[in-house]
**Q** 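Mind having a look at this structure? Questions to follow.
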There are 2 protein chains.
Amino acid sequence: MTDAQRSGCPINLTLEVVGDKWSLLVIRDMMFGNRRHFRELLTKSDEGISSNILADRLKTLLERGIITRDDDPSHKQKGIYSLTEQGVELLPILAQMSAWGYKYLPVSEELGIRARLLSEGGPKMWAEFMDELRETHLGVKRRRKAGPSAGERLQAAYEKVVARKK
Amino acid sequence: MTDAQRSGCPINLTLEVVGDKWSLLVIRDMMFGNRRHFRELLTKSDEGISSNILADRLKTLLERGIITRDDDPSHKQKGIYSLTEQGVELLPILAQMSAWGYKYLPVSEELGIRARLLSEGGPKMWAEFMDELRETHLGVKRRRKAGPSAGERLQAAYEKVVARKK
DNA sequence: GCAACCAGTTGCATAATGCAATTGGTGAGG
DNA sequence: CCTCACCAATTGCATTATGCAACTGGTTGC
């Protein structure tokens, strides 16, 4: 995780920021799982990140301006991590990765449903979800649409599959 | 680069395939730079990959079905690497990374122009470019449109900036 | 025959990742 | 107060990945 810059190519630069095995998974959990505390990110992820790696990634993401950290008023030791605008705008990358993985890799049924909805929803749904993220992470008020939000639709679909599989 | 699967999440699975520091750069050079031989990928990239890493990545990408390798009839030792359909469909991921990097990171002028065009062109241009890649890498004939192709437009814009900067 | 080219491979050093245990502190209940 | 569960990390150590330089065994053109 050195700063040694390899080239001025936008793809390369992006990979230098989020091109490791964990950063985008942390972002994913913050976006889709609404994990905002260290402990939540540590224990409630499917992949089982270890605490030293998580601490290191959060630190790096902070330095790079992808997330911010605030003290939780309810607990002096708790920190709340939030996505910045830059962080929110990583969603399309995740959405494309999700779509590609869904199409070509052995995705589990529970986790695939989100990918399918997100892919079918296309850029319009992504924009809606990004607005939702701006509200929860950046405090930006937005015009509410009728019916469940993009995030709620994704969550509901996921829970439906989980319930059916039991 | 082990196969140990961490979870059935599509994003995680995608990261396990192309989530290292080099794989996507190799794909990028095959797509945008039309590098098809080992030596081209080794010497004509801005980042300077070393030969053992390149050999390892090409092997992995072959195993994962992202690229194929054929013997070059003009030279017994030369191999020609081609993208598979799966490989071609990584373009939207690269395009989104390119757009994000262009927006938030210190991209060089020469390399930024491609990112800008690609971003402005949107999914429609990406689809056109993917068709072009299918033709050059998979031999799929396509209906030619009038005027320069997406790839040609990107290349022309790049060369124009390079010429101006001299 | 020889120099330039070709696709890798090998040996070794450094950096990143992973696991388990531990640290230093907080907050709620008794 | 005291204790116990919780909290955000940190430390030590092993394993794995990456990076560099030199090298191998072969091909091609002159």
Side-chain angles (χ1 to χ4, degrees), chain A residues 1-7 12 15-27 29-30 35-64 67-82, chain B residues 1-7 12 15-27 29-30 33-64 67-82:
Chain A
M1 205 57 52
T2 46
D3 300 354
Q5 194 172 317
R6 295 184 294 188
S7 84
N12 173 56
L15 285 169
E16 285 179 13
V17 175
V18 294
D20 68 283
K21 285 194 177 58
W22 288 109
S23 295
L24 284 177
L25 294 180
V26 171
I27 306 285
D29 285 344
M30 290 181 71
R35 318 264 187 262
R36 306 290 294 273
H37 304 289
F38 188 94
R39 191 66 33 172
E40 286 179 332
L41 288 164
L42 186 66
T43 59
K44 293 183 185 173
S45 101
D46 291 324
E47 290 87 10
I49 191 171
S50 46
S51 59
N52 53 346
I53 308 284
L54 177 58
D56 182 78
R57 287 307 169 280
L58 288 172
K59 200 177 120 200
T60 308
L61 291 171
L62 270 168
E63 286 167 3
R64 308 287 172 91
I67 60 175
T68 53
R69 195 207 127 112
D70 296 286
D71 292 331
D72 186 331
S74 77
H75 190 302
K76 279 185 185 165
Q77 268 187 322
K78 264 186 175 173
I80 303 179
Y81 293 96
S82 305
Chain B
M1 204 60 49
T2 48
D3 300 355
Q5 193 170 317
R6 295 182 295 187
S7 85
N12 174 55
L15 284 170
E16 285 179 13
V17 175
V18 294
D20 67 282
K21 285 194 178 59
W22 289 108
S23 295
L24 284 177
L25 294 181
V26 171
I27 306 286
D29 284 345
M30 290 181 72
N34 200 35
R35 317 264 186 263
R36 306 292 293 274
H37 304 288
F38 189 93
R39 191 66 32 172
E40 285 179 333
L41 288 164
L42 185 67
T43 58
K44 294 184 186 172
S45 102
D46 291 325
E47 291 85 11
I49 191 172
S50 47
S51 58
N52 55 345
I53 308 284
L54 176 58
D56 182 78
R57 287 306 170 280
L58 288 171
K59 201 176 120 200
T60 308
L61 290 171
L62 269 168
E63 287 166 4
R64 308 287 172 91
I67 60 173
T68 53
R69 196 208 126 114
D70 296 286
D71 291 331
D72 185 331
S74 78
H75 190 302
K76 279 184 187 166
Q77 269 188 319
K78 264 187 176 173
I80 302 179
Y81 293 96
S82 304

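A note on names: the letters A, B, ... follow the listed sequences, proteins ahead of strands, and every chain is numbered from 1.
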**Q** Tell me the interatomic distance from A:Leu41, atom CG, to D:dA8, atom C1', rounded to whole angstroms.
**A** 12 Å
**Q** Specify the separation, in whole Å, of atom CG of A:Leu58 and atom P of D:dA8.
**A**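 My rounded result for the distance is 10 Å.
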**Q** Would A:Ile49 and A:Leu25 count as a side chain to side chain contact (heavy atoms under 4.5 Å, CB included) here? Give the steps.
**A** CA-CA 9 Å; A:Ile49 191 171; A:Leu25 294 180; over 6 Å; no
**Q** Is the phosphate of C:dG8, meaning OP1 or OP2, less than 4.0 Å from a side-chain N or O of B:Arg39?
**A** no
**Q** Between CG of B:Asp29 and CG of B:Leu42, what distance do you get to the nearest 0.5 Å?
**A**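 Here the interatomic distance stands at 11.0 Å.
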**Q** Could you tell me how far apart B:Asp56 (CG) and D:dC20 (C1') are, to the nearest whole angstrom?
**A** 15 Å
**Q** Just how far, in rounded Å, is P of D:dT27 from NZ of B:Lys76?
**A** 6 Å
**Q** With sequence neighbours left out, write down each residue that passes side chain to side chain contact (heavy atoms under 4.5 Å, CB included) with A:Leu62, or none if nothing qualifies.
**A** A:Ile67, A:Arg69, A:Tyr81
**Q** Report, one pair per line, the protein and nucleotides 22-24 of chain C atoms (nitrogen or oxygen only) whose separation is under 3.5 Å.
**A**
{"from": "C:dG24", "atom 1": "N2", "to": "A:Gln77", "atom 2": "NE2", "distance (Å)": "2.9"}

**Q** Report yes if a side-chain nitrogen or oxygen of A:Trp22 is closer than 4.0 Å to either non-bridging phosphate oxygen (OP1 or OP2) of C:dG18; otherwise report no.
**A** yes
**Q** State the CG-CD1 distance between B:Asp72 and B:Ile80, to the nearest 0.5 angstrom.
**A** 4.0 Å
**Q** In whole Å, what is the span from the NZ atom of B:Lys21 to the P atom of D:dA17?
**A**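 Spelled out: NZ on B:Lys21 to P on D:dA17 is 13 Å.
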**Q** What's the CZ-P distance between B:Arg36 and C:dC6, to the nearest Å?
**A**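 Answer to the nearest Å: 16 Å.
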**Q** Tell me the interatomic distance from B:Leu42, atom CG, to D:dA21, atom C1', rounded to whole angstroms.
**A** 13 Å
**Q** Grab the CG-P distance between B:Asp20 and D:dA17 for me, whole Å please.
**A**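 Checked: the CG to P distance equals 11 Å.
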**Q** How close do A:Arg64 and A:Glu16 get, heavy atom to heavy atom, and via which atoms?
**A** NH1-O, 3.2 Å
**Q** Does any residue of residues 68-75 of chain A have a heavy atom under 4.0 Å from DNA chain C, and if so, which ones, in number order?
**A**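 Going residue by residue through residues 68-75 of chain A, the ones with a heavy atom under 4.0 Å of DNA chain C turn out to be A:His75.
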**Q** What residues form a side chain to side chain donor-acceptor pair (under 3.5 Å) with A:Ser50, not counting sequence neighbours?
**A** A:Asn52
**Q** Heavy atom of residues 47-54 of chain A under 4.0 Å from DNA chain D: which residues?
**A**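 Heavy-atom cutoff 4.0 Å gives A:Ser51, A:Asn52.
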**Q** Please assess B:Met30 against B:Leu41 for the test side chain to side chain contact (heavy atoms under 4.5 Å, CB included), listing each intermediate value before the final yes or no.
**A** CA-CA 8 Å; B:Met30 290 181 72; B:Leu41 288 164; 4.0 Å; yes
**Q** Between A:Lys78 and D:dC7, is there a contact of a side-chain N or O with OP1 or OP2 at under 4.0 Å?
**A** yes
**Q** Among pairs that include at least one residue of residues 36-46 of chain B, which meet side chain to side chain donor-acceptor pair (under 3.5 Å), considering only residues two or more places apart or in two chains?
**A**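 For residues 36-46 of chain B, and leaving out neighbouring residues, the side chain to side chain donor-acceptor pair (under 3.5 Å) pairs sorted by first residue read B:Arg36-B:Ser82.
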**Q** Going from CG on B:Leu58 to CZ on B:Phe38, what distance comes out if it is rounded to the nearest 0.5 angstrom?
**A** 6.5 Å
**Q** For A:Trp22, does its backbone N or O pair with a side-chain atom of A:Asp20 as donor and acceptor, under 3.5 Å?
**A**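 Confirmed, A:Asp20 side chain pairs with A:Trp22 backbone.
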**Q** If we ignore hydrogens and angles and just use 3.5 Å, is the side chain of B:Asn12 paired with the main-chain N or O of B:Ser7 as donor and acceptor?
**A** yes
